[in-house]
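Just passing along the structure, written as structure tokens.
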Amino acid sequence: MRYAYYPGCSLERSAASYHTSAMKVADRLGLVFQEVDDWNCCGATEYFAINLLPAYALVARNLALVPGDLAQMAVPCSACYVNLKKTDKYMGKYPQLAQRVGQSLAAGQLGYRPGGVQVRHLLDIIVNDVGCDAITKGVVKPLTGLRVAPYYGCLIVRPENGFDNPEYPTSMDRLLRALGAKVVDYPLKAQCCGGHMTQISEKVAYELIRRLLHNAAEYDADVIACVCPMCQLNLDAYQGNVNRHFGTDYRIPILYFTQLMALALGLSAADAGLGSEIVSAQPALAKIAVEVPQEEDKKARKRADKRALPMPTMPDEEA
Amino acid sequence: MMGEKIGVYVCHCGSNIAGKVDVEEVARWAADLTNVEVSRHYEFMCSSLGQELVENDIQEKGLTRVVVAACSPHMHERTFRGACARAGLNPYLFEMANVREHDSWIHDEPVQATNKAKALVSAAVHRVTYHEPLEPMQAKINPATLVVGGGVAGIQAALEIAEAGYPVYLVEREPSIGGHMAQLDKTFPTLDCSACILTPKMFDAGNHPNITLLSYSEVEGVDGYVGNFTVTIRKKARFVNEELCTGCGICTEKCPKRVIDGVFEAGLGYRKAIYRPFPQAVPKYPVIDAESCIYFERGKCKACQMFCPTEAIDFEQEDGIVTVEVGNVILATGYDLFDTRKIPQYGYGRLANVFTSLEFERMVNAAGPTAGSIVLRDGVTTPGSVAIVHCVGSRDKNYHEYCSKICCMYSLKFAHLVHERLPGTEVYNFYIDMRTPGKGYEEFYHRLLEEGTHFIRGRVAEITDAVRRPGEEGKIIVQAEDTLMGAQRRIPVDMVILSPAIQARHDASHVAHLFGISCSHDNWLIEKHPKLDPVATMTDGIFIAGCVQGPKDIPDSVAQGAAAAARVLGLITQGEVELEPVRAIIDEERCSGCRICNNMCPYHAIDFIEDPGVSRVNPALCKGCGTCVAACPSGVVTGAHFSNEQIMAEIEGILVSLDGKEPIPEVEALTA
Amino acid sequence: MMASGNGQPSSPGTFFEEVIAKTPGGEALRLCLQCGTCGGSCPSGEDMDYTPRHIFAMLAANMKDKVLRSNTPWYCVSCYYCTERCPQEIPITDIMYTLKRMAIAQGLYEDADAPDWSQTFIGMVEQFGRSYELGLATRYHLTHRPLGKIRLGTFALDMLRRDRLALTPSSIRNTSQLRAILDKAKELEGAQ
């Protein structure tokens with residue numbers, strides 16, 4: 001399976017471990033990622049706040065640079081993903097916008113027809129194109145005993161992306177289970193990390209980060225798995241600041257889901273891009289080096305009281 | 001065709017038409033059309049004075065054709081056909097041009113609207129020239145009636161007709177009649193005990209000599225037309241012989257298999273594999289749920305059979321097919337509750353102490369799983385605080401755009417019941433708008449204000465157990481904007497009750513198809529007229545009542561049940577009805593006998609006659625839909641009142657009106 | 001009713017209509033029920049001057065100055081919860097972007113930090129075609145928040161130690177092409 005690949009600015013340096021692990025994992029799974037030549041920044045959440053049309057034109061340049069033989073684009077960063085996807089969608093929905101973006105691109109001898117490139121998040125491709133069954137087959141070092149909190153954040157699921165539930169996503173849950181991890185089903189998994197709020201109001205940003213760390217800690221997560229460099233940065237690099245601000249002592253390592261995949265698929269710690277996280281992942285990962293027997297499923301506990309009322313069942317419930 | 005004298009009448013409809021269309025100009029213009037003898041405009045053509053205009057002109061000027069340009073034929077075609085008939089003109093020599101719904105109401109620009117009115121009048125004038133006198137057909141009305149759905153609306157309808165002395169077949173899908181009302185504890189705003197007022201009616205319906213109750217049964221097929229329907233009903237196997245069963249209940253007691261009752265107990269309680277949904281069930285006979293029964297699963301058990309004192313258990317019983325002949329049908333199939341799992345941020349199914357309204361109804365019901373105690377999911381703990389969430393899946397374009405109408409009132413009722421049973425408990429109602437239109441309803445709201453209910457105006461954003469602040473530990477937190485305060489609030493509570501939308505039955509569109517009527521985009525069955533004919537449908541002889549038509553409370557459902565019964569009784573008393581003579585006719589001389597039309601006919605109205613080998617239309621079954629007319633490869637089927645000449649003339653009428661130009665040659669060629 | 005049904009602005013030229021016109025799909029703003037789902041869902045709603053719902057009521061009342069001076073759009077974290085949950089399908093996040101653009105264009109914002117951050121960021125993107133964190137953060141903090149740089153220091157030091165901060169900007173090759181595209185887009189937008 002071949003895809004155009006749009007890394008985005010963060011993956012060049014601050015999220016290099018995401019890039020490294022994604023490339024190694026893709027290679028192992030037989031995915032061919034061809035980097036879009038001379039791609040530019042997607043504008044993050046900032047450009048749309050300044051100039052609307054230039055923002056769409058900025059994003060559309062990347063879509064225009066995708067070679068004609070590649071119908072799909074893999075995007076690891078959730079912010080880039082939402083901007084690329086939204087630009088394609090709005091160009092399709094609002095012909096006047098499409099026309100003016102087209103005129104702008106033409107000034108650079110480029111052109112893009114809406115619908116020409118299907119923009120997909122890396123997680124979507126791994127879970128839905130490769131599939132959890134195929135991944136399970138490739139697992140050589142299952143993450144048995146590791147309690148992983150899948151953290152989706154916002155932009156991978158909202159605005160509605162069509163591949164997962166915008167309020168209660170489960171794709172990464174299934175993937176991590178396929179890797180042998182114990183998935184922590186905690187309620188805040190699709191809440192916001194604060195995005196660029198660290199640059200605007202530290203007080204507000206720290207509170208948003210604290211809520212997530214607190215909730216993951218309440219559910220005894222060993223590690224938080226994320227799908228976006230912005231989420232990783234906020235939860236990892238600001239964890240110390242949050243601890244100082246609130247007098248707390250969270251030490252939850254924040255890894256990219258591709259890093260955990262790399263480990264489970266038997267790749268080295270270097271190939272998994274480990275070591276660049278600010279909150280050390282060492283204590284948590286020690287758990288999978290020593291084989292911890294699989295934890296008893298707490299859900300199987302019997303009702304204590306005959307008077308207890310039945311719980312409604314959920315369609316997608318873990319057996 | 002030449003020498004016809006046509007009268008044209010353009011209605012103002014107050015300002016409805018005249019506000020946009022220059023009616024005087026249209027009337028003046030129409031006077032010059034071929035064959036037009038007289039052309040007038042009048043403020044309200046449907047008034048008796050307006051109708052008299054038509055009648056006088058027919059008699060005095062010898063009109064042979066009449067065109068009224070007014071509203072939709074749905075509204076007044078019958079009115080003006082009546083005027084023609086009274087003046088001695090065959091009513092089918094009349095044609096209506098719709099210049100209101102099709103013109104003045106939907107266009108902004110007066111000149112263009114006026115031009116369109118001219119085109120529509122011209123079309124009608126051209127068409128009516130080719131009309132032929134038709135005579136309506138008569139059909140006898142079978143005095144028996146089918147009522148589908150044994151909720152309160154269906155029960156009411158069945159009883160009204162039975163009391164009047166006519167036979168009724170009452171079909172119910174579940175093992176007992178009673179519907180949703182049987183599940184409720186109290187009814188708003190009077191707080192009557194729901195069961196106390198419903199069970200006498202259930203008993204009457206089950207024992208009335210004129211009512212044949214077919215419970216645990218579903219309609220599978222419908223044939224025929226008003227007055228003469230043939231209905232096929234599947235009577236599902238109960239595995240209990242109703243002749244022998246005394247309803248003693250020993251079988252249920254002895255059955256070792258306990259399953260969650262997702263229907264009557266709304267998932268909050270259990271039942272056995274052989275069960276009667278509730279003690280007052282009508283009929284009293286239990287059913288075996290074959291999907292849960294141990295015998296059907298593993299081939300052994302038969303505990304019920306062993307203990308049954310009358311040997312009524314019959315594992316060999318099979319579904320039966322019953323065919324009944326009826327003159328009219330009343331559909332009262334009710335509603336489903338919106339599945340709150342579709343809104344994951346409200347936590348139902350994940351947070352134990354989030355309940356649905358029906359679960360809470362069962363909980364507060366003295367005959368329910370907790371014997372009326374309000375407790376958390378552990379079955380023991382009493383909540384100290386309860387949040388009630390309005391508009392779950394209603395007033396939301398992501399789910400249902402409509403207001404479900406009853407939720408505000410029953411949410412208030414819930415708040416009252418909590419105050420009453422658990423004094424001192426804090427109750428929070430989260431609402432967008434408080435909707436209490438009904439007798440005594442607003443007063444009930446005021447009563448709840450007096451009782452100290454906390455009302456927070458804001459649609460709930462999310463319900464979570466993720467603790468953010470001290471005081472939230474161990475609670476479920478309801479997060480919303482208090483819009484009257486303009487600030488976000490998080491209210492920690494012990495119990496949440498969701499008030500979900502009521503929505504059309506999952507198989508409502510199937511039912512509509514089965515009975516040949518239509519449903520709206522959200523699957524409510526459509527009435528003939530939303531104001532003036534609320535229980536009839538576009539198909540004669542098929543009526544609707546209760547929530548199958550849209551969200552309704554109990555009084556409205558009962559009123560509709562009775563109204564539908566009154567309509568049916570009217571038809572039964574008439575004894576026969578006139579059928580529209582708009583029918584297809586096959587020219588048997590020219591029919592090749594290919595039989596293509598036989599299978600195309602959606603009403604099974606065309607039979608093949610072996611000798612002389614041609615197809616023939618049964619006029620009583622034909623609805624005049626025109627499918628066969630279009631399908632016939634030899635072009636020998638004619639639709640009465642929709643002949644090729646009439647339709648081509650109508651098109652020509654539109655075309656000649658455009659800038660006064662001559663007809664387009666192609667059209668002439670086609671009509672030739 | 002007739003007029004809005006046809007998508008005709010009730011009073012063209014008002015602030016309310018301007019916001020609608022400048023937002024793709026903005027017409028849905030007319031459908032706001034004032035239910036508060038947005039305000040209840042917003043992660044930073046507690047710290048906003050006005051909740052999004054409140055802003056929409058103010059928009060309908062054409063309270064331009066108060067709306068554009070409020071911190072509300074700047075405190076939007078683009079999480080799209082409001083957009084996803086809105087029962088009337090109003091593109092709320094996009095409206096917040098529109099309000100930011102209008103506030104900058106008219107110089108009406110009170111809290112200088114947020115808009116300046118956005119402008120610093122896009123200045124960088126327009127120059128190099130890509131963003132680079134240290135240059136951006138340093139320039140931003142030195143210009144706007146000199147007191148905040150100490151805290152930034154520990155953060156930057158952590159990041160530098162793990163080789164996660166770029167000290168030099170990475171640049172695309174064809175910056176002139178990008179410039180041409182953006183110039184054209186700005187010209188078209190200005191001509192609107």
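Computed from a predicted model, the values in this text were never measured in an experiment. All chains are named by letter (A, B, ...) in the order of the sequence lines, taking the proteins before the strands, and each is independently numbered beginning at 1. Only this structure's heavy atoms are used, side chains among them; waters, hydrogens and symmetry mates stay out.
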For residues 38-47 of chain C, give me every residue with a non-hydrogen atom less than 4.5 Å from any non-hydrogen atom of chain A.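 So the qualifying residues are P43(C), S44(C), E46(C), D47(C).
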Using a cut-off of under 4.5 Å on heavy-atom pairs, state which of P159(A), P166(A), G240(A), C193(A) scores highest against chain C.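 Heavy-atom pairs under 4.5 Å are most numerous for P159(A).
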Applying a strict 4.5 Å limit to non-hydrogen atoms, the region of Q191(A) in contact with chain C is both
What I'd like to find out is whether the side chain of R61(A) reaches to under 4.5 Å of the side chain of L182(C), using heavy atoms alone. no
Is the shortest side-chain heavy-atom distance between Y56(A) and P24(C) below 4.5 Å? yes
Heavy-atom pairs under 4.5 Å with chain C are the metric here; pick the option from L97(A), V101(A), V82(A), L110(A) that has the most. L110(A)
For the residue pair W74(C) and M197(A), what are the closest heavy atoms and their distance?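 Answer, listing the atom of W74(C) first, then M197(A): O-CE, 3.9 Å.
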Drop me the distance from I122(C)'s CD1 to L58(A)'s CG, to the nearest 0.5 angstrom.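 Rounded to the nearest 0.5 Å, the CD1-CG separation comes out at 9.0 Å.
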Engaged part of F48(A) at the chain C interface, taking heavy atoms whose separation is under 4.5 Å: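 It is both, since atoms from each part get that close.
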Count the heavy-atom pairs under 4.5 Å between each of K203(A), Q103(A), E167(A), R211(A) and chain C, then report the option with the highest count.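 Most heavy-atom pairs within the cutoff with chain C belong to E167(A).
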Spatial distance of atom OH (Y81(C)) from atom SG (C192(A)) [nearest 0.5 Å]: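 Nearest 0.5 Å value for the OH-SG distance: 9.0 Å.
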Salt-bridge present (R164(C), D236(A); N to O < 4.0 Å):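 Counted as a salt bridge, because a side-chain N and a carboxylate O are separated by less than 4.0 Å.
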Going from CG on L178(C) to CG on N62(A), what distance comes out if it is rounded to the nearest 0.5 angstrom?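 Answer rounded to 0.5 Å: 9.0 Å.
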Looking only at atom types and distance, does a side-chain atom of R130(C) sit under 3.5 Å from a main-chain N or O of W39(A), one as donor and one as acceptor? yes
With side chain to side chain contact (heavy atoms under 4.5 Å, CB included) as the test, would you mind laying out the steps for T83(C) and R158(A) before giving the verdict? CA-CA 8 Å; T83(C) 303; R158(A) 288 181 304 271; over 6 Å; no
For H196(A) and C76(C), which heavy atoms make the closest approach, and how far apart are they?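 In this case the closest contact between H196(A) and C76(C) is NE2-O, 3.9 Å.
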With a 4.5 Å cut-off on heavy-atom pairs, point out which of A180(C), G129(C), A103(C), S176(C) contacts chain A the most. G129(C)
Using 0.5 Å steps for rounding, measure from the CD atom of E189(C) to the CG atom of L52(A).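 Rounded to the nearest 0.5 Å, the CD-CG separation comes to 5.5 Å.
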Is it true that, when you exclude E89(C) itself, more than 12 heavy atoms of the residues, nucleotides or ligands shown sit nearer than 6.0 Å to its CD?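 For E89(C), atom CD is crowded (more than 12 foreign heavy atoms under 6.0 Å).
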E12(A), part contacting chain C, at a heavy-atom distance under 4.5 Å: side chain
Considering only heavy atoms and a distance below 4.5 Å, find which of M102(C), R179(C), E126(C) pairs most often with chain A. E126(C)
Donor-acceptor pair, Q177(C) side chain versus Q109(A) backbone, under 3.5 Å?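 It does not hold such a pair.
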I'd like to know which of R85(C), R173(C), K184(C), K100(C) tops the heavy-atom pair count under 4.5 Å against chain A.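 Max contact count across the listed options: R173(C).
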4.5 Å side-chain heavy-atom contact, R162(C) and I278(A):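 Of all side-chain heavy-atom pairs linking I278(A) with R162(C), at least one is under 4.5 Å.
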If you count heavy-atom pairs under 4.5 Å between each of A106(A), G195(A), C42(A), A237(A) and chain C, which one has the most? A237(A)
Under 4.5 Å from a heavy atom of chain C, the part of A57(A) involved: both
So for Y47(A), is it side chain, backbone, both, or neither that comes closer than 4.5 Å to the heavy atoms of chain C?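 Both backbone and side chain.
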Spacing of Y80(C) atom OH and L155(A) atom CG [to the nearest 0.5 Å]: 6.5 Å
Where does I172(C) contact chain A at under 4.5 Å (heavy atoms): side chain, backbone, both or neither? both
Rounded distance (nearest 0.5 Å) linking atom CG of D38(A) with atom OG1 of T175(C): 8.5 Å
Show me the side-chain donor-acceptor pairs of residues 247-255 of chain A shorter than 3.5 Å, one per line, residues at least two apart or across chains.
residue: T248(A); atom: OG1; partner: N243(A); partner atom: OD1; Å: 2.7
residue: D249(A); atom: OD1; partner: R251(A); partner atom: NE; Å: 3.2
residue: D249(A); atom: OD2; partner: R251(A); partner atom: NH2; Å: 3.3
residue: Y250(A); atom: OH; partner: H214(A); partner atom: ND1; Å: 3.2

Closest non-hydrogen atoms of G194(A) and V77(C), given as atom of the first, atom of the second and distance, are O-CG1, 3.5 Å
